[in-house]
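Scroll down for the structure; my scribbles are underneath it.
Below, read A as the first sequence line, B as the second, and so on, with proteins coming before strands; counting in each chain starts at 1. All heavy atoms count here, side chains included; hydrogens, waters and symmetry mates do not.
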There are 2 protein chains.
Amino acid sequence: MMTTAQRRVSGLLRGNGLKVTRGRAEVLNLFLDAGRPLAQRQIMEMLRLKLDRASVYRILNAFVEAGIIHMAYVDVRHRVYELPDKCGGQKCHPHFSCRGCGKTTCLEDFRVYFKGALAKGFVAERQKVLIEGLCPDCRR
Amino acid sequence: MMTTAQRRVSGLLRGNGLKVTRGRAEVLNLFLDAGRPLAQRQIMEMLRLKLDRASVYRILNAFVEAGIIHMAYVDVRHRVYELPDKCGGQKCHPHFSCRGCGKTTCLEDFRVYFKGALAKGFVAERQKVLIEGLCPDCRR
DNA sequence: TCATAGATGCGACATTGTTGCAATTTTGGA
DNA sequence: TCCAAAATTGCAACAATGTCGCATCTATGA
């Protein structure tokens, strides 16, 4: 018997041309449950060695290619992936990263306009905006 | 006999509490000549193996700590360092990175205001803004 | 149920960045 | 100018992240 969540996961995968495998289902479930961007490392820890490191990377790359998730922000050795439900097209919303706990959250209602910022001849394709600081929990 | 440039480099180093060594002088010279942000890898290539990888990292870290350069933008395995002459305080200006040639340039007259973007309790300390695209040379 | 295309696990490798340690260099003082 | 102490460098080793090849296993459609 399949639960609603399982059906949803299968549908998302199949609908994007991906086979439904245990690994993909588990990783996708994490994203659906998390509600915030996840790094590969966090995914590994949540899965507790149930999946190989290389496989997780391949799954993430497959998801990105299929458009199921976005590679949201990139830091030194710290890529973050998330569901695109809060994004509009190519230009992802900015993120906030806490230097205390390392968690990343989305700044959905905030957009950066850079029209006129570029010199002649430059073509902008993508923007990455990250604000670093402290979240309420790590603040005191 | 010391040239004006050599005197300038020595002064900058000594004035920031750093001993004047061959490696530091060469790296600092690169920054003074470059006029744009440099990555560790570019520095290595410009020096042509005259300095050890670990030493370059230590020099860069020492410069950052001394305030001679800023760590300007951070990408997957690609930190970029630059002189702080175009920066105002903690908040560095945004950068443009060309996906063709990999060169990074500064968007000096462009500033991002994110007041009101953060939820209650969040404290912003630093912002990183990167616009990716094509520079005029890589465009056609 | 079976064949096969594709996914996984494992091992190897590349890159980036850090650290410990011995050897060398810088610097201030005699 | 020379010396001693302190700091810097080169080298080797290591950690983390990400990719790739290959053999094995699994999901899927017929």
Side-chain angles (χ1 to χ4, degrees), chain A residues 2 6-7 9-29 37-66 68-69 71-81 97 102 104, chain B residues 2 6-7 9-29 37-66 68-69 71-81 97 102 104:
Chain A
M2 245 192 172
Q6 285 172 332
R7 227 187 315 272
V9 164
S10 301
L12 254 171
L13 290 173
R14 246 186 287 271
N16 285 286
L18 295 176
K19 282 188 180 175
V20 181
T21 64
R22 183 182 60 89
R24 288 177 179 171
E26 290 192 10
V27 172
L28 185 47
N29 256 320
L38 296 176
Q40 180 269 347
R41 188 175 189 162
Q42 296 170 311
I43 293 168
M44 286 300 283
E45 284 163 8
M46 287 163 145
L47 292 174
R48 302 206 194 193
L49 304 176
K50 280 190 290 182
L51 262 181
D52 185 72
R53 216 161 53 84
S55 299
V56 170
Y57 278 113
R58 278 189 283 233
I59 287 171
L60 289 173
N61 287 339
F63 283 8
V64 169
E65 203 160 324
I68 297 179
I69 60 174
M71 201 193 295
Y73 187 79
V74 162
D75 194 75
V76 168
R77 295 176 184 177
H78 192 74
R79 293 185 188 175
V80 173
Y81 300 82
S97 175
T104 303
Chain B
M2 246 195 173
Q6 284 172 331
R7 228 188 315 272
V9 164
S10 301
L12 254 171
L13 290 173
R14 245 186 288 271
N16 285 285
L18 295 175
K19 283 188 179 175
V20 180
T21 64
R22 181 181 61 88
R24 288 178 178 171
E26 290 191 10
V27 172
L28 186 48
N29 257 320
L38 297 175
Q40 181 269 348
R41 189 180 188 155
Q42 297 171 310
I43 293 168
M44 286 301 283
E45 284 163 7
M46 288 162 144
L47 292 174
R48 303 205 194 196
L49 303 177
K50 281 189 290 181
L51 263 182
D52 185 71
R53 216 162 52 83
S55 299
V56 170
Y57 277 113
R58 278 188 281 232
I59 287 171
L60 289 173
N61 287 340
F63 283 9
V64 168
E65 202 161 324
I68 297 179
I69 60 174
M71 200 193 294
Y73 187 78
V74 160
D75 195 75
V76 168
R77 296 179 183 173
H78 192 75
R79 293 184 187 175
V80 172
Y81 301 82
S97 175
T104 303

Between the protein and nucleotides 20-24 of chain C, list every N/O to N/O distance that falls short of 3.5 Å.
unit_1: C:dG20; atom_1: O6; unit_2: B:R58; atom_2: NH1; d: 3.2

Identify all pairs in which a protein N or O lies below 3.5 Å from an N or O of nucleotides 1-5 of chain C, and state each distance.
unit_1: C:dA5; atom_1: N3; unit_2: A:K19; atom_2: NZ; d: 3.4

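Across every non-hydrogen atom of B:A25 and B:V9, the tightest pair is CA-CG1, 3.7 Å. Scanning both residues, A:F63 and A:R24, for their nearest heavy atoms gives CZ-O, 3.6 Å. Considering every non-hydrogen atom in both B:L51 and B:V56, the closest pair reads CB-CG2, 4.0 Å. The two atoms that bring A:L18 and A:A66 nearest to each other are CD1-CB, 4.1 Å, heavy atoms only. For A:I59 against A:G23, the heavy-atom pair with the smallest separation is CD1-C, 3.7 Å.
Distance CD (A:Q42) to P (D:dA16): 16 Å, rounded to an integer number of Å. Put simply, CE on B:M44 is 13 Å from P on D:dT9, counting in whole angstrom units. Distance CG (A:L60) to P (D:dC20): 15 Å, rounded to an integer number of Å. In this entry the distance linking CG of B:L47 with P of D:dG10 reads 10 Å, nearest Å. With rounding to whole Å, B:L13 atom CG is found 15 Å from C:dT25 atom C1'.
Under 4.0 angstrom from either OP1 or OP2 of D:dT19 there lies no side-chain N or O belonging to A:Y57. Here B:T21 does not reach the OP1 or OP2 of D:dA7: none of its side-chain N or O atoms lies under 4.0 Å away. At the phosphate of C:dT27, OP1 or OP2 sits under 4.0 Å from a side-chain N or O atom of B:R14. Side-chain N/O atoms of B:R24 include none lying less than 4.0 angstrom from OP1 or OP2 on C:dT25.
The side chain of B:Q40 approaches C:dG17 more closely than any other nucleotide in the set C:dT8, D:dT28, C:dG17. In this structure, of C:dG17, D:dT19, D:dC11, it is D:dC11 that holds the atom nearest to the side chain of B:D52.
Remark: A:R58 engages A:A54, A:S55 in a side-chain contact (heavy atoms from CB on, under 4.5 Å) (not counting sequence neighbours). With sequence neighbours left out, B:R22 forms a salt bridge (charged side-chain N to carboxylate O under 4.0 Å, His left out) with B:E26. With sequence neighbours left out, the salt bridge (charged side-chain N to carboxylate O under 4.0 Å, His left out) criterion links A:R41 to A:E45. Checked against salt bridge (charged side-chain N to carboxylate O under 4.0 Å, His left out), A:K19 has no partners two or more places apart in sequence or in another chain.
Both A:I59 and B:L18 sit near DNA chain C, but only A:I59 has its closest nucleotide nearer the 5' end.
Within 4.0 Å of A:R53, counting heavy atoms only, lies at least one base atom of the nucleic acid. Heavy atoms of A:S55 sit under 4.0 angstrom from at least one base atom.
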